[in-house]
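Some notes on the structure that comes next.
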Amino acid sequence: PPIYQQALQLMTTDLPAAEKLARRFARQAAGQEAGQQGLAQRLLGHVCLLRSRHQQALQHYARGIAAFRQAGDLLEVAITQSGAAAALIY
């Protein structure tokens with residue numbers, strides 16, 4: 001999704017703008033298919049991780065993993081687990 005990609009690109013240069021896009025994407029994804037919700041939660045997890053809010057990041061990653069499992073998308077589960085592992089390291 002375009003908002004998802006834009007937010008990812010902004011994460012290293014303009015974190016406040018990336019967070020704003022991530023929150024907008026999460027609002028849009030609510031009520032959509034599980035895969036979209038998983039992407040939104042992973043994106044919010046990335047934002048929290050970069051803001052050193054590790055517990056919040058883990059919560060978002062866990063919700064993302066659950067959504068991707070519901071969608072049956074094991075590749076996205078693994079990608080999101082990798083983000084969660086990064087939050088655990090710090």
Side-chain angles (χ1 to χ4, degrees):
I3 293 176
Y4 181 85
Q5 294 300 328
Q6 289 174 341
L8 283 178
Q9 290 174 351
L10 286 171
M11 289 228 179
T12 57
T13 58
D14 189 350
L15 191 54
E19 183 171 13
K20 185 177 179 180
L21 285 174
R23 293 192 184 287
R24 183 179 347 149
F25 183 61
R27 284 191 303 274
Q28 291 176 357
Q32 300 228 356
E33 66 169 33
Q36 291 295 305
Q37 293 174 29
L39 286 174
Q41 290 301 314
R42 183 168 68 209
L43 194 56
L44 289 169
H46 292 341
V47 168
C48 288
L49 181 62
L50 290 171
R51 290 201 177 276
S52 296
R53 298 189 310 229
H54 301 110
Q55 289 295 25
Q56 282 181 296
L58 286 171
Q59 292 170 357
H60 286 296
Y61 288 134
R63 287 194 284 268
I65 290 166
F68 288 129
R69 282 194 176 132
Q70 181 182 349
D73 194 333
L74 298 182
L75 176 60
E76 295 295 343
V77 167
I79 292 168
T80 308
Q81 286 173 330
S82 133
L88 287 170
I89 291 169
Y90 298 101

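As the structure is a computational prediction, the values presented were derived from the model and not from experiment. For this chain, numbers begin at 1 and follow the sequence in order.
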Take F68 and Q37 through the side-chain contact (heavy atoms from CB on, under 4.5 Å) test and state the conclusion after the steps.
CA-CA 8 Å; F68 288 129; Q37 293 174 29; over 6 Å; no
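Rounded to the nearest 0.5 Å, atoms CG (L39) and CD1 (I79) are 9.0 Å apart. The distance from the CD1 atom of I65 to the CG atom of D73 is 12.5 Å, given to the nearest 0.5 Å. Expressed to the nearest 0.5 Å, how far CD1 of I3 lies from CD of Q28 amounts to 4.0 Å. Separating the CZ atom in F25 from the CD atom in Q41 is a distance of 10.5 Å, to the nearest 0.5 Å. Note that OG1 of T80 and CZ of R42 are 4.0 Å apart. Values are rounded to the nearest 0.5 Å.
Without hydrogens or angle criteria, Y61 side chain to L44 main chain gives no donor-acceptor distance under 3.5 Å.
Among all heavy-atom pairs drawn from A40 and A26, the shortest one is CB-CA, 3.6 Å. Contact record, A87 with A57: CB-CB, 4.2 Å, taken as the closest heavy-atom pair.
Two residues are said to be in side-chain contact when any heavy atoms from C-beta on lie closer than 4.5 Å; L43 and M11 meet this criterion. Side-chain atoms of P1 and Q36, non-hydrogen and from C-beta on, do get closer than 4.5 Å to each other. In this structure, L10 and L21 have side chains that are in contact, with non-hydrogen atoms separated by less than 4.5 Å. Residues C48 and L50 have side chains not in contact (no heavy-atom distance under 4.5 Å, counting atoms from C-beta outward).
In terms of the salt bridge (Lys or Arg N to Asp or Glu O under 4.0 Å) criterion, residue partners of R51 (sequence neighbours excluded) are, by chain and number, E19.
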